[in-house]
Amino acid sequence: MSECVRCGACCHSYRVEFSVYELDSMGGTVPEALTETVNGATCRMRGTGEVPIRCVALEGQLGELALCRIYEQRPRPCAELQEGSYGCNKARVRHGLPPIGEWLGA
Ligand code: SF4
Ligand code: SF4
């Protein structure tokens with residue numbers, strides 16, 4: 001089973017910014033209501049530009065239960081982040097969770 005369902009570390013770690021063309025209002029999938037404007041070309045998941053970071057689309061508790069409410073509509077940076085990748089493990093380690101697989105990062 002994927003570790004993602006009881007993790008959510010990436011959703012608490014990164015500014016999730018992407019092209020406005022991914023917004024549902026622009027023909028994409030991401031609900032615009034859950035985003036904020038960065039500039040004319042870029043928007044961001046709300047909550048990921050703040051400290052502490054927590055995406056508004058996330059339900060659950062870090063390290064225990066994580067559910068992306070817009071999983072099928074999530075933006076490209078989320079869809080491209082592979083479980084066990086450097087970015088994944090960097091987020092997990094930052095939040096005190098064990099890395100997945102071999103972790104050579106700092
Ligand atoms: S940090 Fe990795 S394991 Fe955790 S939810 Fe993100 S992709 Fe999944
Ligand atoms: S859109 Fe979903 S996968 Fe992406 S940061 Fe938010 S909760 Fe996490």
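Read the numbers this way: they start at 1 and go in the same order the structure lists the ligands and their atoms. All of these numbers come straight from a predicted model, not from anything done at the bench. Side chains are part of it too, since the values below use all heavy atoms of this structure and drop only hydrogens, waters and symmetry mates.
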Taking distance alone, no hydrogens or angles, what donor-acceptor pairs closer than 3.5 Å link side-chain atoms of residues 56-64 to residues at least two apart or in another chain?
none

If you measure from [atom1] on [X] to [atom2] on [Y], what distance do you get to the nearest 0.5 Å?
X   : Y   : atom1 : atom2 : value
R69 : R74 : CZ    : CZ    : 15.0 Å
R15 : C55 : CZ    : SG    : 14.0 Å
C10 : R92 : SG    : CZ    : 9.5 Å

field: With sequence neighbours excluded, residues passing salt bridge (Lys or Arg N to Asp or Glu O under 4.0 Å) with E17
entry: R44
field: Qualifying salt bridge (Lys or Arg N to Asp or Glu O under 4.0 Å) pairs with a residue from residues 20-35, counting only residues at least two apart or across chains
entry: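 For residues 20-35: none.
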statement: heavy-atom search around atom 6 (Fe) of ligand 2 in the protein gives C55 SG, 2.3 Å
task: Starting from atom 2 (Fe) of ligand 2, find the nearest protein heavy-atom neighbour and note its residue, name and distance.
output: C68 SG, 2.3 Å
- prompt: What are the atoms of ligand 2, with element, lying closer than 4.0 Å to any heavy atom of L58?
  reply: 7 (S)
- request: Mark up the atoms of ligand 2 that fall under 4.0 Å of a heavy atom belonging to C78, in ascending order.
  value: 1 (S), 3 (S), 4 (Fe), 5 (S)
query: What are the protein N, O or S atoms, given as residue plus atom name, that sit under 2.8 Å from atom 4 (Fe) of ligand 1?
result: C7 SG
message: Contact between C7 and L97 at the side-chain level, heavy atoms closer than 4.5 Å - yes or no?
response: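 Yes, at least one pair of side-chain atoms sits under 4.5 Å.
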- prompt: Would you find a donor on one side and an acceptor on the other, under 3.5 Å apart, between the side chain of H95 and the backbone of H12?
  reply: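 Yes, the answer is positive, given that a donor and an acceptor are paired below the 3.5 Å cut-off.
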